[in-house]
Amino acid sequence: MKVRNALIALVFAMLTSTALFTTATFAADEEDQYFIINDSGVTINELYVSASEEKNWGKNLLQTAELKDSEGGEILFAHDDQRCVWDLATKDEHGNEVEWNKIDLCKYTKITLKPNGVAEYK
């Protein structure tokens with residue numbers, strides 16, 4: 001019974017988080033779909049997304065995977081509110097950390113990460 005309850009709690013926690021990573025795509029809800037393309041020249045080992053007003057990043061969405069240069073992934077956000085402005089952070093294979101702040105995800109659905117902390121939004 002304890003194992004069953006623990007599994008139910010784990011599934012619930014996974015379903016209620018902002019976004020989840022599975023293999024080459026991110027998944028959580030079928031509502032709002034966003035694409036992240038890594039065109040930065042390095043492999044990204046950690047990826048975090050947080051509402052701009054939040055102080056904590058939460059869990060690494062890549063967990064045990066990585067997003068290699070020239071690869072892309074899909075993020076599906078489970079919006080429980082009307083938030084549009086989000087922050088994104090990455091950590092690459094060399095330990096470099098980059099943040100992009102105040103990305104309007106009501107306006108943009110594709111984010112291409114470029115070298116030197118630059119990003120293109122469409």
Side-chain angles (χ1 to χ4, degrees):
M1 189 64 147
K2 286 184 180 182
V3 172
R4 180 175 171 257
N5 289 343
L7 287 174
I8 291 170
L10 177 62
V11 169
F12 179 76
M14 290 172 66
L15 291 174
T16 58
S17 68
T18 302
L20 301 172
F21 181 77
T22 58
T23 316
T25 62
F26 308 92
D29 192 307
E30 300 296 332
E31 298 276 344
D32 300 311
Q33 184 175 359
Y34 305 95
F35 295 94
I36 297 214
I37 308 295
N38 180 13
D39 196 18
S40 66
V42 295
T43 297
I44 295 174
N45 296 107
E46 297 178 26
L47 175 69
Y48 303 91
V49 179
S50 175
S52 288
E53 69 272 6
E54 296 291 328
K55 295 184 183 195
N56 297 318
W57 284 108
K59 295 181 181 181
N60 172 17
L61 300 180
L62 298 180
Q63 297 178 11
T64 59
E66 58 188 21
L67 188 60
K68 294 181 181 180
D69 186 41
S70 301
E71 288 185 346
E74 180 178 74
I75 296 178
L76 301 172
F77 280 95
H79 288 282
D80 59 349
D81 53 29
Q82 298 300 315
R83 293 181 190 177
C84 287
V85 183
W86 294 79
D87 296 339
L88 175 76
T90 62
K91 187 172 185 179
D92 69 26
E93 61 191 327
H94 305 292
N96 300 313
E97 298 177 11
V98 180
E99 288 185 25
W100 294 268
N101 296 302
K102 301 191 187 296
I103 303 167
D104 186 344
L105 294 183
C106 292
K107 183 176 178 181
Y108 303 110
T109 59
K110 182 178 178 185
I111 303 167
T112 303
L113 306 177
K114 299 287 191 173
N116 302 317
V118 175
E120 292 179 355
Y121 308 102
K122 291 184 182 181

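Heavy atoms only: backbone and side chains are in, while hydrogens, waters and symmetry mates are out. None of the values given here were measured: they were computed from a predicted structure.
- Between D39 atom CG and E71 atom CD the span is 12.0 Å, to the nearest 0.5 Å.
- Annotation: side chain of L105 is in contact with side chain of I111 (closest heavy-atom distance under 4.5 Å).
- By the criterion of side-chain heavy atoms lying less than 4.5 angstrom apart, applied directly or through intervening Ile, Leu, Val, Met, Phe, Trp or Tyr residues, F35 is not grouped with Y108; the two fall into different hydrophobic clusters.
- Rounded to the nearest 0.5 angstrom, Y121 OH and T112 OG1 are separated by 10.0 Å.
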Applying side chain to side chain contact (heavy atoms under 4.5 Å, CB included) to N45 and L62, what does each step give before you reach the verdict?
CA-CA 7 Å; N45 296 107; L62 298 180; 5.6 Å; no

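- Side-chain atoms of E93 come within 3.5 Å of backbone N or O of T43 as a donor-acceptor pair.
- Between I103 atom CD1 and C84 atom SG the span is 13.0 Å, to the nearest 0.5 Å.
- Between the N116 side chain and the V118 main chain, no donor and acceptor come within less than 3.5 Å of each other.
- The closest side-chain heavy-atom distance from Y48 to L61 is not below 4.5 Å.
- In terms of the salt bridge (Lys or Arg N to Asp or Glu O under 4.0 Å) criterion, D104 has no residue partners (sequence neighbours excluded).
- Scanning all heavy atoms of the two residues, the minimum distance from W100 to A119 falls at NE1-CB, 3.4 Å.
- Atoms NZ and CD1, on K114 and I37 in that order, are 10.0 Å from each other to the nearest 0.5 Å.
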Apply side chain to side chain contact (heavy atoms under 4.5 Å, CB included) to the pair I36 and I44, showing each step before the final yes or no.
CA-CA 11 Å; I36 297 214; I44 295 174; over 6 Å; no

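- Rounding to the nearest 0.5 Å places CG of L88 at 6.0 Å from CG of L113.
- Each of V42 and V98 belongs to its own hydrophobic cluster when Ile, Leu, Val, Met, Phe, Trp and Tyr are linked at side-chain heavy-atom distances under 4.5 angstrom.
- Listed by chain and residue number, R83 satisfy the salt bridge (Lys or Arg N to Asp or Glu O under 4.0 Å) test with E54 (two or more places apart in sequence, or in another chain).
- Inter-residue side-chain proximity for E99 and D87 is flagged as unmet; no heavy-atom pair is nearer than 4.5 Å.
- Here the OG atom belonging to S52 is positioned 8.5 Å from the CH2 atom belonging to W86, to the nearest 0.5 angstrom.
- Nearest heavy atoms, S40 versus P115: O-CG, 3.6 Å.
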Applying side chain to side chain contact (heavy atoms under 4.5 Å, CB included) to K102 and V85, what does each step give before you reach the verdict?
CA-CA 5 Å; K102 301 191 187 296; V85 183; 3.7 Å; yes

